[in-house]
Engineer: 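After the structure tokens below, expect a handful of questions from me.
Heads up: numbering here begins at 1 and tracks the sequence. In what follows, every heavy atom counts, from backbone to side chain, and hydrogens, waters and symmetry copies are set aside.
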Amino acid sequence: GDKLYCRLSINTQLLARVDHLMKVGKNNFRPPPKVESSVVRLEPRNPPPPINFKEWDGLTRICFVRKNKTLSAGFNTTSVHLMMEKNYKVHMSVKGEEVPKDFNIKNLVDAVLTESGFKDKRARSMDIDDFMKLLHAFNSAGLHFA
């Protein structure tokens, strides 16, 4: 829920273990900055998590455009619907399947968000496991971000 929580934060947590080592006072710099500094240690996760990073990045981009809005509001934009519908049709054609005649991307996205329990959640209050579950829910419904 921190105001600094963003895509960079979630991607860093996905790919590395982060430890705060110490604070560094502004008096240690010349000229002294107007902000406090910290030393952190980043240890890459080895092996990296088994995830499609393009899919992950696509999902987090949409979620963090307006991190204070609900996910339902973030996914309910024309540009997101157009991108997801295009990706859905590409993935269906790659699998050799036809797109259903009554296909409606808005209804499908809304159904995934509702069934997964993320419709009224906000990106700022979700952790890395929540984003993993959401990505899995979309991918299981045939919706992709890359």
Side-chain angles (χ1 to χ4, degrees), residues 1-24 26 29 33-146:
D2 190 308
K3 71 178 184 175
L4 298 176
Y5 191 60
C6 61
R7 280 181 49 224
L8 178 61
S9 312
I10 200 83
N11 288 335
T12 303
Q13 291 172 36
L14 177 72
L15 298 172
R17 200 174 116 234
V18 182
D19 295 313
H20 181 267
L21 300 178
M22 68 173 145
K23 288 187 176 187
V24 180
K26 50 182 137 185
F29 299 95
K34 295 180 179 169
V35 296
E36 294 294 325
S37 299
S38 290
V39 176
V40 295
R41 175 181 29 218
L42 299 173
E43 286 182 44
R45 296 192 189 278
N46 198 2
I51 190 167
N52 180 330
F53 294 105
K54 288 187 178 190
E55 290 272 340
W56 174 264
D57 188 55
L59 172 70
T60 56
R61 276 180 192 270
I62 294 169
C63 292
F64 281 99
V65 165
R66 297 277 185 258
K67 67 181 178 184
N68 294 324
K69 288 192 177 248
T70 62
L71 291 183
S72 138
F75 279 92
N76 198 16
T77 65
T78 305
S79 60
V80 170
H81 288 159
L82 289 172
M83 180 270 301
M84 292 185 79
E85 184 171 3
K86 181 179 147 222
N87 289 348
Y88 180 80
K89 289 177 178 177
V90 167
H91 281 277
M92 291 298 279
S93 69
V94 167
K95 290 187 336 189
E97 298 178 19
E98 281 193 32
V99 176
K101 297 270 187 248
D102 61 343
F103 175 72
N104 182 320
I105 191 69
K106 186 178 191 300
N107 294 344
L108 186 55
V109 168
D110 193 51
V112 170
L113 288 172
T114 302
E115 289 167 16
S116 61
F118 290 106
K119 184 174 183 167
D120 296 321
K121 295 257 187 186
R122 299 171 192 279
R124 67 164 192 235
S125 62
M126 294 171 60
D127 64 19
I128 204 160
D129 293 330
D130 292 333
F131 285 105
M132 292 274 198
K133 289 175 193 165
L134 184 59
L135 181 60
H136 179 72
F138 275 116
N139 289 170
S140 296
L143 294 172
H144 296 273
F145 300 94

Engineer: Heavy atoms only: give me the nearest Arg45-Ala16 pair and the separation to one decimal.
Structural biologist: NH2-O, 3.5 Å
Engineer: Is Lys67 atom NZ crowded by more than 12 heavy atoms from other residues, nucleotides or ligands, each under 6.0 Å away?
Structural biologist: yes
Engineer: So which atom in Asn139 and which in His144 form the shortest heavy-atom distance, rounded to 0.1 Å?
Structural biologist: ND2-ND1, 3.3 Å
Engineer: With under 30° as parallel and over 60° as perpendicular, where do the rings of Tyr88 and Phe103 fit, or are they tilted in between?
Structural biologist: parallel
Engineer: Taking all atoms of both residues into account, what is the closest heavy-atom pair of Lys26 and Lys34, and its distance?
Structural biologist: NZ-O, 4.3 Å
Engineer: Aromatic contact between Phe118 and Phe138, with the criterion being ring centroids under 6.0 Å apart: yes or no?
Structural biologist: no
Engineer: Looking only at non-hydrogen atoms, find the nearest pair between Gln13 and Ile128 and report the distance.
Structural biologist: C-CD1, 3.7 Å
Engineer: Tell me, yes or no, whether the heavy-atom count around Arg66 atom CZ, taken from other residues, nucleotides or ligands under 6.0 Å, exceeds 12.
Structural biologist: no
Engineer: Go through the steps to decide whether Asp57 and Arg61 satisfy the test salt bridge (Lys or Arg N to Asp or Glu O under 4.0 Å), and finish with yes or no.
Structural biologist: CA-CA 6 Å; Asp57 188 55; Arg61 276 180 192 270; 2.9 Å; yes
Engineer: State whether Lys106 and Asp110 are salt-bridged, where the test is any N-O pair (Lys NZ or Arg NE/NH1/NH2 against Asp/Glu carboxylate O) under 4.0 Å.
Structural biologist: no
Engineer: Applying side-chain contact (heavy atoms from CB on, under 4.5 Å) to Leu71 and Met126, what does each step give before you reach the verdict?
Structural biologist: CA-CA 10 Å; Leu71 291 183; Met126 294 171 60; 3.5 Å; yes
Engineer: Exactly one of Val65, Thr70, Val80 should register a side-chain contact (heavy atoms from CB on, under 4.5 Å) with Phe75. Which one does?
Structural biologist: Val80
